[in-house]
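By convention here, the first residue in the shown sequence is residue 1. These figures come from a predicted structure and were not determined experimentally.
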Amino acid sequence: MITCLLIDDDLDDHDFFRIALEQINPEISSHFVENGLSGLKLLPTLKQRSKVIFLDLNMPVMGGLEFLSELLKTNYQDIPVTVYSTSDERFFKQKALEHGAVAYLTKTSTMNALVEGIGNELKNLSLL
């Protein structure tokens, strides 16, 4: 079973992401938190280790780049992290990859594009 964690402060994005995952594979287990600090606290409590983390960059309390830096100090540093952000700027993509993200997925406004983007990323990570 695939377990996925989305760290994003936009609750609407949680809903869209969950719906997209259900369309990709209804057996994907998903968890959602609103900032990086909550994500770091959640990881050790999961019954099944997360296979992938999708991470927004701009969040209160602890943003995406800080989360990536802190994740490297944990026993969960082997979990691949894909940044999932509205920003399509090269600077942010480069910073995310420098901080340990394996990929960068720009948020989209259509469900079909979201399903395709997440599905492609899960395939790239050999999770589908």
Does a side-chain heavy-atom distance below 4.5 Å link [X] with [Y]?
{"X": "S69", "Y": "H99", "answer": "yes"}
{"X": "S30", "Y": "L6", "answer": "no"}
{"X": "L55", "Y": "L68", "answer": "yes"}
{"X": "M62", "Y": "L40", "answer": "yes"}
{"X": "D56", "Y": "D9", "answer": "yes"}
{"X": "F54", "Y": "E121", "answer": "yes"}
{"X": "I28", "Y": "L127", "answer": "no"}
{"X": "V102", "Y": "V81", "answer": "no"}

Hey, any chance [X] and [Y] share a hydrophobic cluster, counting ILVMFWY side chains that come within less than 4.5 Å of each other, even indirectly?
{"X": "L43", "Y": "L125", "result": "no"}
{"X": "V61", "Y": "F32", "result": "no"}
{"X": "L128", "Y": "L114", "result": "yes"}
{"X": "I19", "Y": "I118", "result": "yes"}
{"X": "V33", "Y": "L37", "result": "yes"}

Inset, instruction - Measure from the ring center of F92 to the ring center of Y104 and say whether it is less than 6.0 Å. - result: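 Judged by ring-centre distance (under 6.0 Å), F92 and Y104 do not meet the cut-off.
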
Hey, are [X] and [Y] close enough for a salt bridge, meaning a charged N less than 4.0 Å from a carboxylate O?
{"X": "D78", "Y": "R49", "result": "yes"}
{"X": "K107", "Y": "D8", "result": "yes"}
{"X": "E89", "Y": "K93", "result": "no"}

To check you understand the geometry: which heavy-atom pair defines the closest contact between [X] and [Y], and what is its length?
{"X": "N35", "Y": "S38", "answer": "OD1-N, 2.8 Å"}
{"X": "M59", "Y": "E34", "answer": "SD-O, 3.8 Å"}
{"X": "Y76", "Y": "P44", "answer": "OH-CA, 3.1 Å"}
{"X": "D12", "Y": "D10", "answer": "N-OD1, 2.9 Å"}
{"X": "G36", "Y": "I7", "answer": "N-CG2, 3.7 Å"}
{"X": "K51", "Y": "I2", "answer": "CG-CA, 4.2 Å"}

Interatomic spacing from [atom1] in [X] to [atom2] in [Y] - rounded to 0.5 Å:
{"X": "T86", "Y": "L57", "atom1": "OG1", "atom2": "CG", "value": "8.5 Å"}
{"X": "F17", "Y": "M111", "atom1": "CZ", "atom2": "CE", "value": "11.0 Å"}
{"X": "I53", "Y": "H31", "atom1": "CD1", "atom2": "NE2", "value": "11.5 Å"}
{"X": "C4", "Y": "N25", "atom1": "SG", "atom2": "CG", "value": "11.5 Å"}
{"X": "E98", "Y": "L65", "atom1": "CD", "atom2": "CG", "value": "9.5 Å"}

Legend entry - Backbone of A113 reached by a side-chain donor or acceptor of T110 within 3.5 Å: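 Here the side-chain-to-backbone pair exists.
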
Inset, instruction - Verify, without hydrogens or angle tests, whether Q77 (side chain) and T74 (backbone) share a donor-acceptor contact under 3.5 angstrom. - result: yes

Inset, instruction - Show your reasoning for whether side-chain contact (heavy atoms from CB on, under 4.5 Å) applies to V52 and L5. - result: CA-CA 6 Å; V52 61; L5 171 60; over 6 Å; no

Legend entry - CD/E27: more than 12 non-hydrogen atoms of other groups inside 6.0 Å: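 No.
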
